[in-house]
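Worksheet: the structure to be examined is printed underneath.
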Amino acid sequence: MSSFDDPNAMSQPSLAARAMAARPAPYLDELNPAQRAAVEALDGPVLMLAGAGTGKTKALTARIAHLMQTGRARPNEILAVTFTNKAAREMKDRVGRLMGQTVEGMPWLGTFHAICVKLLRRHAELVGLKSNFTILDTDDQIRLMKQLIIAENIDEKRWPARQLAGLIDHWKNRAWRPDQVPASEASAFNHRGSELYDYYQQRLKTLNAVDFGDLLLHMVTIFQNHPDVLEQYQRWFRYVLVDEYQDTNVAQYLWLRLLAQGHKNICCVGDDDQSIYGWRGAEVGNILRFEKDFPGAKVVRLEQNYRSTPHILAAASAVIDANQGRLGKTLWTAAEDGEKVRLIGHWDGEEEARWIGEEVESMARGTRGLRPFSLDEMAILVRASHQMRAFEDRFLTIGLPYRVIGGPRFYERMEIRDAMAYFRLAVSPDDDLAFERVVNTPKRGLGDKAQQKIQMTARSNGVSLVDGARILLQDKGLGGKGGAELRVLVDAIGRWSDLARQPEHNHIELAEQILDESGYTAHWQNDKTPEAPGRLENLKELVKALESFENLQGFLEHVALIMDNESDAGEAKVSIMTLHAAKGLEFPAVFLPGWEDGLFPSQRSMDESGLKGLEEERRLAYVGITRAEELATISFAANRRVYGQWQSALPSRFIDELPEAHVDVLTPPGLYGGGYGAAGMAASASPQIMTAAESDLQERASRADVYNSPGWKRLQARSQSRPMSQPRESRSMVIDAEAISAFTAGDRVFHTKFGYGTVMGLEGDKIDVEFDKAGGKKVVGRFLVAAAEAGDVPF
DNA sequence: ATACCATCTCTTTTT
DNA sequence: GAGATGGTAT
């Protein structure tokens, strides 16, 4: 531990820092008046209400720079918390740039969790842990809970471990320890909820482990029970800054309040209109209550938007305006008018994906008087990840490069987690969860029965599973193939841990050795499934990632908290992601598909949380629209396949909230042939058992007559002028007679359904085409169009 | 211990 | 409709 970031090694504010105060501060000149006010109000509580695209990070980093520049605090006396590693990294970079390289890193700029780990390792003994505790991820947690549920003879099918995990997580978010769970909730989970929570915490303690929620909760406990420790940090962290304050949960809130209680030098930055994580414990109330919590707080509103055009802002503002109980901000911009928000309805989800695919392509070429947009500048933001499939399918067929943001993360992949479990065993052989995970991976003939024997031996001897296995083998309690294999494994673990303890032994070599000797690499080499090569590739990447660490231990410690996967740069691609994943990002052109009642706003959200749920959905809509810089395109479909069943839906109520003056309604061919209105009618019939709040909601919805809504009327108006749909193929796919005879073997062609391909030959009235993605097909000539060029993919 | 069939459950997700 | 999980048959 360096003395630099150790509160115990406190010293006087440095002379150098004070001397710096005299120098001018160029970063202040780049701020607008509101930003500047937020930066210069250094002492006392400050709430910075920063609307979307108003230069929040700029103000926050300038504030940090200003704190140092004025000599108020040294870099290590500033506590700055974010939610994601990405945000933390960005802030570090920007502060570094503002200050020049003279500033040593800020040890206390990081995520809530990363900072809490650091603190908890110093004070672990105060909550009955050793400072080398392990951090469990969701997977480990669930396995542990499953064991508990089975041990307690609870029907695991009716009471799944997932649910218990969710419940306990919820309680931890609210900062309830097992004895603090209110009676109204404690009986959840078959009346055993709080009891199981208690057992779970005991198990964690014996395993010397914590889960993510514990990181915060343990620190709150320590601060509450040990005033001396708390005081020490209150004094050390002279200034506290919090990013995305609207996303804090109760535990985080308590933690912050405890730390800032003394000097009250706390600056919270956030936007109540962008609070979209209520479902995972975030309390908008925290930000709404700030002025009560910190009387005399200075509230600064950042309202000048530097991101979007006026039309986009107007649309977003109108939507969010329908929410109650906002702190209230009015975004404005100095930008030119630009394009209106575009609205388009489709017959079904497939048609929507097809249209967006084509629109992306033509926008990339730069049609319709719009400037050309590179694929990197376009994004498709969906409400639910299952919506992504339609787009992936479509983009694959037409050969449009895309990237999905926020898929399964690198460190959550099976092979990575297996490999990490082996590493964990090398570093600490007593890690029972790691042992359980890999004892029969690859298959060693150690099934349930053998594993139970190991468990029993370990428990009766009061030792870890590896040691239990050793004893079992010594007592000849396990013979045959399984016994022999177990011997090999146990010996190997012994060897690895010896090597891991030798600082001179290269940890990268050790990692390779572990993967090799465990048979894990061979396991995937022998696997013939199509995923196997990718998994081996990932393992290689994992080993490569070790390079930036001193040893395995250091690597493991960091990995638990840093679950990033940097999306590959390289070729320009259109991005597909959820609205949640899009928060904090911006794109010149944004597509917002699936704006249908039930999907967006999500029915489940409204069922479970009533008006609160609807308002959070509306904030999501606001987040979506405000991601767009120049062009936002909202769309909906009358019909969609949900869980294999066709369902019709009405356009989202959020569409009715879009102001007419800022919206352009586009009409695609193929929409009004199928009785759109009839399809819409069918959707409203879904009777529900409702609470009072929900029925109120329902009433509101039905009173808002969709057919008199501006959105609907606009669509009707357009449909009259172009009453009948043409067949889908009519736009670009129909080929005139001459064209058909023009196809010969070797021609590059395009088919709406199968994508690009090469003509192999002619067979009667059919043409034999070898498609790039879909394989060989015989198709009717009129569904084919000559591909633009031999080099087909236009990008 | 594994392979195969039946059944269930389907937001959003960081750390 | 599809993927994940679990139970049963081999």
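Here is the naming used below: chain letters follow the sequence lines, and residue numbers restart at 1 for every chain.
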Once you apply a heavy-atom cut-off of 4.0 Å, does A:Gln252 come out as touching a base, just sugar-phosphate, or nothing? nothing

Is the aromatic ring of A:Phe83 within stacking range of B:dT15, meaning centres under 5.5 angstrom and planes under 30 degrees? no

What nucleotide among B:dT11, B:dT15, B:dT12 has an atom nearest to a side-chain atom of A:Arg604? B:dT11

Nearest-nucleotide pick for A:Thr111, side chain only, options being B:dT13, B:dT15, B:dT2: B:dT15

For A:Val250 and A:Ala175 the tightest heavy-atom approach is CG1-CB, 4.3 Å

B:dT12 phosphate, OP1 or OP2, under 4.0 Å from A:Ser602 side-chain N/O: no

Between A:Asn286 and A:Gln252, do the side chains contain a donor N or O and an acceptor N or O under 3.5 Å apart? no

Tell me whether the side-chain N or O atoms of A:Arg383 pair up with the base of B:dT12 as donor and acceptor below 3.5 Å, since no angle test is needed here. yes

Evaluate the ring-ring contact (aromatic ring centres under 6.0 Å, His included) criterion for residues A:Trp279 and A:His580: first the C-alpha distance (whole Å), next the side-chain angles of each, then the deciding distance (0.1 Å), finally the verdict. CA-CA 12 Å; A:Trp279 51 273; A:His580 284 92; 5.6 Å; yes

Just by distance, no angles: are the side chains of A:Tyr233 and A:His123 close enough, under 3.5 Å, to form a donor-acceptor pair? yes

For A:Glu586, does the CD atom have more than 12 heavy-atom neighbours from other residues, nucleotides or ligands under 6.0 Å away? yes

With sequence neighbours excluded, tell me which residues meet salt bridge (Lys or Arg N to Asp or Glu O under 4.0 Å) with A:Lys481. A:Glu485

If the sugar-phosphate is the primed atoms plus P, OP1 and OP2 and the base is the rest, what is the B/S/- string for nucleotides 1-9 of chain C, using protein heavy atoms under 4.0 Å? BS---S---

May I ask you to say what A:Gly213 touches in the nucleic acid, namely base, sugar-phosphate or nothing, with a heavy-atom cut-off under 4.0 Å? nothing

At 4.0 Å (heavy atoms only), tell me whether A:Leu446 reaches a base, stays on the sugar-phosphate, or touches nothing. sugar-phosphate

With a 4.0 Å limit, can you tell me whether A:Asn85 has a side-chain N or O closer than that to the phosphate oxygens OP1/OP2 of B:dT14? no

Between A:Ser385 and B:dT12, does any side-chain N or O lie under 4.0 Å from OP1 or OP2? yes

